Amino acid sequence: MDTVSQLQRQFVEYTASLYREGYLDDQFTQLQKLQDESNPDFVVEVVSLFFEDSEKLLNNLTTALHQENIDYKQVDAHVHQFKGSSSSIGAQRVKDMCVVFRNYCDEKNLDGCVVCLQQAKNEYILVRNKLEALFNLEQQILQAGGSVPMMV
Amino acid sequence: MITSRPFFCFILLALIGLLLSTSFIPFGVSKIKQVEKQVDVITKKSHQEIWSVIQNAATTTLLPMKSSATNLAKVANMSLTETDITFYDIQAKVAPLLFQAMVTIPHLSQISYIRQDGLFFALYSKDHHQIVAIYSNTSFSKATRSRFHYLWYTQPVNSDTGKLYGDAVVFPPQLLINETWLQQALNTRNGFASLGKSLNDVNNLLVLNTAGVDKNGVISLGFELKSLINVFSSVKPLGGGLYLATRDGKVLTEGIPNTRMVLNGNGTFSFMLWKADGYQSGSITLQLNYETPQAYTLDIPGTKYTLYSSSVDIIGMQLVYVLALPYEGLPSRMHKNIIFVFALLSATFVIVAISIFSFVVLTVRASRKEMCLRAALIKQKEATQQAERKSKNHSLAFVSASHDIRASLAGIAGLLDLSISNVQQGSELAVHMGLMQKCTRDLKSILNSILDTSKIEAGKMQLEEKQFDLANALESVVDLFYPVGLKKEVDVILDLQDGSLTKFSLVKGDERKFKQILANLLSNAIKFTSEGYVSVRAWVRKPRLQNSTFDSSHNQSRRCLSCFFSNNDEVHGDLEAIDEVRHDPNFMEFVFEVDDTGKGIPKEKQASIFENYVQVKETGPQLEGTGLGLGIVRSLVQLMGGEISIVDKEVGEKGTCFRFNAILKVCQSGLISLSEDEKTVSPGDLSAGSNTPLHHPRQLDHNSSIVVLFMTGDGRRKMAQNSLAAQGIKVVAVKNTRQLSETLREFRREEKNDCSSKSDLNLSFGYLTWPTSRDSNTRSREVPLSSLDGTDMSPIRTTNTVSLSNFILLVIDTTKADFRELCRTTAEFRKYSKNGNSRVVWLGSRCIQLQGLDEKKLPPSDIIIPMPLHGSRLYSLIGLLPEFGGKFSSPPNQRQAGTKEENHHPPSRQLEVQEIARISPSSSSPLRGKRVLLAEDDAVQQTIAKKILLKHGVTIETCRNGKEALTMVSKGLSDQRNLGASHILPYEYILMDYQMPVMDGCEATRQIRLKEKDYGVHAPIIGLTAHTEGEELNKLFVAGIDIHVSKPLNEQKVLKVIEDLHSRK
């Protein structure tokens, strides 16, 4: 009993902090709302998809920026996609980074792009850790027999 | 006692009045006597006067004539000096003298000079003008000697000169010389008066005054008696008479008619009485002395007379006269009149006295009666007050007692619960304990109702004033009783009539009590109805002024009312408050009717039905209850400022109809009058301000829809029909399956006729049509229901056209009909009807599956609405119609409204929508059953989009780039063409991402639009970009997207864009 409520409180606080610190935005809430009994792991699924996608994209970007002749169009397309997927799950800081990234891309500023890529990676890793932690917490709550509190 | 005092006063007054008036009587009598005396005196005086007049006339006028004869004789004597007188002497000397006398002396009618020897000369006036002379010119001696006859001659005399003229005519001679009066006259010197006859007329009596001239001759003056008596006749008194007679008994005039006076020699009279016919009837003799004037009384039958007799001397002749004057003249008549007046007066007095007496008696009686009544009233009042006090104390005691009972009862129930859990399940003890528990529950409910009653009676019931939705409350109560009725096969219907209630449904009042009233009436109605239906009708109207009149029987409740309204006991103040309520425009009168088709209540029992503890006994012993129900109901209704009554049903209609009303405050700012409301609410204004759940028909005149109602229950069908018709919807109600199929066939025929004329409408409407879902085709092989559907093989479909003119909404009640048959009919209808131009709504009880109605087996456009269909469910049904805001084929628009404007919506609708959503989860979504092509390359976004769409019942096909999308659309289009339904879109919506590998959204859109041209269709393409403006967006619009959504996608955005898309069209 005690552990559950404690966990729940922890969960709530943690989620709130994520929103507060700008890691997540409203889109993530929307995502959570879409989750229902018929598909209880929807958020986790989508986020996992995002992780996969992002890693692939980041790899692609890394290779693209390390080439001799940088195809900025290709880079831009990747960044756009990254931006799209990150905004879709509500990873706000990643998305913001992508916006900056695209500007450098338009300017064909390699240094900027590289820095941005690095930052985007960092942000991505950060949000991934945060989300994984959140999911862990969720899992713990569920295992303890409690229900995941809804963030409104 | 109190009343007798004024009454005695009155009597006293009346007596005083009477005494005063009687005291006047002697005074009046004495006065009258005085008057009588005076009158008597006057009468006597007048008699005297009459008498003296007679005397006077006799003496003054006639006395001078007495001596005229003597004087004349003296003159003649002087002129006749000769001793031997001849006729010539007479003619010369006496004749002029006679003529002079004749002319000068009044009343004289004859004058004559008579000699003893026979010479004679006389003059007499003939008819007072002509004077005629009679003479004899010879004496007796001469005549004998000359042998001539002694003859008299008459000759006229000239009245001027006195000479004789004309011829002398012989006149029969009369022997006058022997007459006694002549002889006496010759003997006396002083003249002699006698009665004689006229010379020329024997009947004419004359008074002859004769005087001797010498020893041989006399002069005689003849006065006519008639003219003398005429002197007296002037004094002839009224009602009396004057008798004249000579002393020797010759009666000259008669006085009183029918009497005759007879003069006896010794100075007495006797009167002979004659009857009118001339016979003598009797005689009265009176000893009268006429020598001295005297008065006598004579009683001739009939009248009394006073007689005055006296003698009078007329020209020397002594006459006796008797004056008879009516004794009872004026005074006696006056006396009679006075007596009569007295009689009248006394009669008046008597009448007045009698009337006063009777009045007094009546007054006394009335006042006595009134006193009795007053006393009775006071007694009664006291008794009533006492009874009320008692009853109140009783009620109070009852309340506290009930409370105690409840406490113990709660204890028992609790203990029972504990025991039951300890007892082995299924054992006899457990069963008994279960029964005990049931008993406890019953007991508690009975106790509650008693407690309510006693609370009301004790004036402790308070109304809560809280805002609540009346329509919702009404529906929830009716729905609550629907299953109860269902058990008895009694339909429970909510009939909102013209829907006026829904406009004012948000009211302030006591929801719990209202529900209690309704529940009580409803449970009664269901209890007493064995077949048919129970219908609850409700409507709103403006409060009537003076709508309730409190009669005496309401006295108690009025008192209760006053207790509820405020704690002071001023009944009047509270009634005024109610009156004020009636005038306030914010207060509306809500009228409810609970109408059943049960056995009804006999007329004579209706009056007592609302009394406490009264139950109509004949209804049967199996019915339970304390009989408090309606009493409580009435008290509660009155508490809400309303009235409850039994409405008379028309002859032949079964059952009872209770009607009650309540004045409630409507919680709405924009209170519009009922009639205006209809017009002012704009169609799009679904929820703002008013509670009206309905859009108003947009184009009612043109493409109106038809609702086909198939319902087995009579009452419900009628109600639904009326409610729909009240909204201006065409309704065809059918009763059985046969009728249904006939009606549908009829529609088909009409449609065919329409088709030929309206075939080109389809293009513009293509994308909005409501195609049959593909998966229903795929399922159709396994499910018999859908195989009947025949959607894809329909030959009609290849040629059919879309015409909006008749949207047909088929509402089918599945509860009582053969479901198989219904399906068959419906399928047939569907087969022939134009695509998307009709919808089917199934009505079922909550356990639809049992009846074979399976949502999954139905075409996606079909909707299942659980029974009972009324109230909000009916309105949501209406909402499906295109005119009522239901977007054609994007059916339950309410979902959007529900989510977007939740806060404004009356809870009932929201609830209803949720209810429908729960039963058929996505049925309320505008996207349900749609096919959507999603072109999105990003896996994450695709997953999310898919999830959103799936949640709304969308069939999704996905592709990862523009090229794939184009291919799929092209294939779909050509497939449709092969099926002959080229106007039907392969996808209702295409969600197109802008940036995609291989072919981007822009290009794909352009290509799709090109492709579509060949088919003449236009599928809505929704562009997906991360931008809300800019070049990218413009490109997409140029390429031909209809609308766009900015990423990231979420549920609201998707729904919003679909709504926008439709509202734009």
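Throughout, a chain's letter reflects where its sequence line sits, starting with A, and its residues are numbered from 1. Bear in mind that the values here come from a model prediction, so they are computed numbers and not experimental data.
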- prompt: Among A/Ser48, A/Ser88, A/Gly90, who wins on heavy-atom pairs under 4.5 Å with chain B?
  reply: A/Ser88
- request: State which residue, out of B/Asp938, B/Val940, B/Ile944, B/Thr943, fulfils the side-chain contact (heavy atoms from CB on, under 4.5 Å) condition with A/Phe50.
  value: B/Val940
query: Has A/Lys121 got more than 12 heavy atoms of other residues, nucleotides or ligands less than 6.0 Å from its NZ?
result: yes
task: To the nearest 0.5 Å, tell me how far B/Asp993 CG sits from A/Gln81 CD.
output: 9.0 Å
message: For B/Lys963, I'd like to know if atom NZ has over 12 heavy atoms of other residues, nucleotides or ligands within 6.0 Å.
response: no
- request: Dump the intermediate steps for side chain to side chain contact (heavy atoms under 4.5 Å, CB included) on B/Gln1052 and A/Gln30, then the final yes or no.
  value: CA-CA 9 Å; B/Gln1052 281 135 312; A/Gln30 294 288 336; 3.0 Å; yes
query: Does OH belonging to A/Tyr104 count more than 12 external heavy atoms closer than 6.0 Å?
result: no
task: Report the residue from A/Ser85, A/Ser86, A/Ser87 that forms a side-chain contact (heavy atoms from CB on, under 4.5 Å) with B/Pro1048.
output: A/Ser87
query: If you count heavy-atom pairs under 4.5 Å between each of A/Glu45, A/His80, A/Lys83 and chain B, which one has the most?
result: A/His80
query: What distance do A/Asp26 atom CG and B/Asn1050 atom CG have between them, rounded to the nearest 0.5 Å?
result: 7.5 Å
- line: Between the CD atom in B/Gln941 and the CG atom in A/Leu49, the distance rounded to the nearest 0.5 Å is 10.5 Å
